[in-house]
S.K.: 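Below are the structure tokens for one structure; questions will follow.
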Amino acid sequence: MKALIVDDEKHVRNTVLKLVDWEGFGFRTVLEAEDGAEAAVLIEEHRPELVITDMMMPIKSGIELMEWMEKNAFDCKKIVISGFNDFEFVRHTVKFGGIDYLLKPIDRKQLQEAVSKAVASWNETKRERLQYHEKNKEVNELKPLYRDKLLSGLLTDAASGNAPAAGESYLREFPYLTGVDSCRVAVFDLHTLQQPIRDKYAASLDLLFFTLLNICNEFLQPAERGLAFRNWNRPYEIVVLLCNDPDEASDWLRKIAAGINRTLRGSVEFGLSTSGAFPDGLHKAYMEAADALYKRNLLEPSKTIHEYSQVSGRVSTIRFGKYEEKARVAVRSGNPEQIRHALSDWFRVIDEMNHISLEQLKMWWDEYNAARAGWVEEFFRENDGSQQHPLENCPFIVPLDESGRLSLPEMQRLLTDNLVELSKTFISMQTLSISPMREIARYIEAHYTQDIRLQDISASFHLNREYISRKFKMEFGETLIDYVNRIRVEKAMILLLNPHLRMTQIAQMIGYHDEKYFSRVFKKLTHTTPNDYRKEKMGKEGE
């Protein structure tokens, strides 16, 4: 922090310098000025947090300086030191936000206290300012989300036949829509963006939406030609509302597409509706735009705009279910070649199709993930089911070639790799599930409260004691007795949170008959005693 001492007498400035523990209060720089005019220059240049000023000075007085500061350095804290016990001076000090009014000769204790109050006031002001900025930042971050959800709700309301009335919330947020009586709707889906763009924004879908919406709205909103928003009813969709002048809608979409291409180095495709009334015809227009986009032929060369036509492609009757059993057996076999062969039969039929839409592709993906989920569930029913299910669903991806057309070879590779990984996981977990050492570990976890002796485990599992000791340490990286102690200590850490349980009780509950031995084992593993652990945890809970 910085401070400024303003007084026309050098010895007074020196006295103030000596009486205050500047470093203790956090001040790294202390400036000096002979009068209010010089002080104003220094305040503008250095922006000090504290000014200590005299009242009676040449050129510009202390009152004039504080009046100037009220307009030009409002946040700066002020302390007045004066040789005059004058009510008007005190009144002006209070009026302009002075922290204190001290009389000469200066009392060290009073000055220290005044500086302390000034620093505390500055820190509180700073905290409030940061809190205000954080709140503003939060509001600014939430505002686009609110606007998008408001407009997504408009689509939902329109679908149910409840067209919003004038003065409703969306019109207050977007006042220029009040004069709109007709519109066209365009839709585009992030799944069909080219792969380099999706890879670049893989870690942040929200950032991709933010970028695309900014580009769209930079064209539309200044000209009041419409607006774009994220459709929260469909997680990967952006809707563009094009207001009035229906004949110009295609031109605006081409400008947006060119802007996206310049910024992201990738093309985008829109489904575009016919013209309809706003807001009554909004749902119909949206459904037309979605129909044009999702039923377009992905095998044809990409184009920017797909206009709605009542003649739309029929979804194929080819289903993954016909090939599901063969793929399931191949996955369970653990043979990658068998998996490739099983999927090849399905893709051989798909290759003969001359029309594949996004709608069709999504249906296949859903069927594939449903079948895959069934195989996972079946596997865990056959085994003990104690381990977590492996791998999530394969995410919906539209693999495109460089021209923007659907790449069936790439789609086949993605699904094959996914099933090969699933098969490897199955085989690996089957190996783990039949490991005798894993069975012994489960036995320990179930019987840790009892006396567990190596000879008893040897008899129960029909294995040599030396073999168990050697293999257990190889597989788990610790001896069998260390494993038992770790399990018991982990249980003890939970029991210690109950203040009503005595140490003797806890020791017995986890399998130790000797409280002192329990304490030694606990300290060896946690580097603290049970009592100290309890005090620390109970202390934190009480804070």
Side-chain angles (χ1 to χ4, degrees), residues 1-10 12-17 19-104 106-143:
M1 291 198 297
K2 297 176 184 177
L4 171 63
I5 303 169
V6 190
D7 198 295
D8 57 335
E9 297 182 75
K10 176 67 175 173
V12 174
R13 299 200 302 271
N14 288 339
T15 300
V16 173
L17 275 171
L19 291 180
V20 177
D21 179 11
W22 298 104
E23 286 194 10
F25 285 116
F27 290 97
R28 298 292 174 263
T29 304
V30 181
L31 307 164
E32 296 181 45
E34 291 185 354
D35 55 64
E38 184 185 354
V41 173
L42 290 174
I43 290 170
E44 284 189 323
E45 182 181 351
H46 296 280
R47 312 306 297 179
E49 286 80 10
L50 172 63
V51 170
I52 299 175
T53 183
D54 186 17
M55 275 300 196
M56 299 297 290
M57 295 180 293
I59 305 177
K60 181 181 281 191
S61 70
I63 291 176
E64 291 172 318
L65 174 62
M66 287 196 293
E67 187 175 2
W68 177 86
M69 288 174 65
E70 191 71 7
K71 296 177 182 177
N72 299 283
F74 177 77
D75 288 342
C76 184
K77 304 304 172 184
K78 314 169 194 75
I79 295 173
V80 173
I81 296 177
S82 175
F84 299 90
N85 189 2
D86 187 288
F87 174 76
E88 281 300 307
F89 285 173
V90 175
R91 188 175 70 82
H92 279 89
T93 300
V94 173
K95 178 181 177 182
F96 296 122
I99 295 292
D100 213 334
Y101 187 95
L102 305 178
L103 291 173
K104 298 176 183 177
I106 305 166
D107 180 85
R108 178 188 179 89
K109 183 180 178 183
Q110 289 180 343
L111 181 57
Q112 288 273 94
E113 287 176 355
V115 173
S116 178
K117 282 195 292 184
V119 170
S121 177
W122 169 262
N123 288 333
E124 178 62 19
T125 302
K126 182 181 178 182
R127 187 189 66 78
E128 289 174 355
R129 189 166 53 244
L130 288 173
Q131 200 172 45
Y132 175 78
H133 286 317
E134 283 299 315
K135 198 168 286 185
N136 265 1
K137 182 182 174 185
E138 190 176 330
V139 168
N140 289 333
E141 287 174 351
L142 288 175
K143 192 167 184 180

S.K.: Would you call Asp75 and Arg47 a salt bridge, using N to O less than 4.0 angstrom?
M.R.: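 Not counted as a salt bridge, because no side-chain N and carboxylate O are separated by less than 4.0 Å.
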S.K.: Between Trp22 and Ala3, which heavy-atom pair has the shortest distance, and what is it?
M.R.: CZ3-CB, 3.7 Å
S.K.: Once rounded to the nearest 0.5 Å, what's the spacing between atom CD1 of Ile63 and atom OG of Ser82?
M.R.: 9.0 Å
S.K.: For Ala114 versus Ile99, what's the shortest heavy-atom pair and its separation?
M.R.: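 Residues Ala114 and Ile99, closest heavy atoms: O-CG2, 3.8 Å.
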S.K.: Indicate the atoms forming the closest heavy-atom contact of Pro48 with Cys76, along with that distance.
M.R.: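 Scanning both residues completely, I find the closest heavy atoms to be O-SG, 3.4 Å.
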S.K.: Between Leu19 and Arg108, which heavy-atom pair has the shortest distance, and what is it?
M.R.: O-NH1, 3.4 Å
S.K.: Compare all side-chain heavy atoms of Glu70 with those of Lys78 and state whether any distance is below 4.5 angstrom.
M.R.: yes
S.K.: Less than 4.5 Å apart, any side-chain heavy atom of Gln112 and any of Val115?
M.R.: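 The answer is no, as the side chains (C-beta and beyond) never meet within the 4.5 Å cut-off.
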S.K.: Once rounded to the nearest 0.5 Å, what's the spacing between atom CG of Leu102 and atom CG of Leu111?
M.R.: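 The CG atom of Leu102 sits 6.5 Å away from the CG atom of Leu111.
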S.K.: If you take all heavy atoms of Leu65 and Gly36, which pair is closest and at what distance?
M.R.: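 Scanning both residues completely, I find the closest heavy atoms to be CD1-O, 3.7 Å.
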S.K.: Counting C-beta onward and ignoring hydrogens, is there a side-chain heavy-atom pair between Thr53 and Ile81 closer than 4.5 Å?
M.R.: no
S.K.: For atom CD of Glu128, is the number of surrounding heavy atoms from other residues, nucleotides or ligands below 6.0 Å larger than 12?
M.R.: yes
S.K.: If I take atom CG from residue Leu4 and atom CZ from residue Arg13, how far apart are they, to the nearest 0.5 angstrom?
M.R.: 10.0 Å
S.K.: Between Val20, Asp21, Val119, which is the residue that forms a side chain to side chain contact (heavy atoms under 4.5 Å, CB included) with Phe27?
M.R.: Val119
S.K.: Less than 4.5 Å apart, any side-chain heavy atom of His46 and any of Thr29?
M.R.: no
S.K.: Examine distances only and state if a side-chain atom of Glu34 and a backbone atom of Asp8 form a donor-acceptor pair shorter than 3.5 Å.
M.R.: no
S.K.: Got Lys104 and Asp7 here, is their nearest side-chain heavy-atom distance under 4.5 Å?
M.R.: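 A side-chain contact exists here, since the closest heavy-atom pair is under 4.5 Å.
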S.K.: Rounded to the nearest 0.5 Å, what separates atom NZ in Lys10 from atom CG in Leu17?
M.R.: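 The distance works out to 7.0 Å.
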S.K.: Please check: side-chain N/O of Thr125 versus main-chain N/O of Ser121, any donor-acceptor pairing under 3.5 Å?
M.R.: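 Yes, the answer is positive, given that a donor and an acceptor are paired below the 3.5 Å cut-off.
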S.K.: Which distance, rounded to the nearest 0.5 Å, do you find between the CG of Leu50 and the CD1 of Ile5?
M.R.: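 Between Leu50 CG and Ile5 CD1, I get 9.0 Å after rounding to 0.5 Å.
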S.K.: Just so I know, are the side chains of Met66 and Met55 near enough to count as touching, which here means a heavy-atom distance under 4.5 Å?
M.R.: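 Yes, side chains in contact.
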S.K.: On a heavy-atom basis, which atom in Ile59 and which in Ala37 lie closest, and how many Å separate them?
M.R.: CG2-CB, 3.6 Å
S.K.: Hey, could you give me the CD/CG distance between Glu64 and Asp35, rounded to the nearest 0.5 Å?
M.R.: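 The distance works out to 10.5 Å.
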S.K.: Within a strict 4.5 Å, meaning less than it, do heavy atoms of the Arg28 and Met1 side chains meet?
M.R.: no
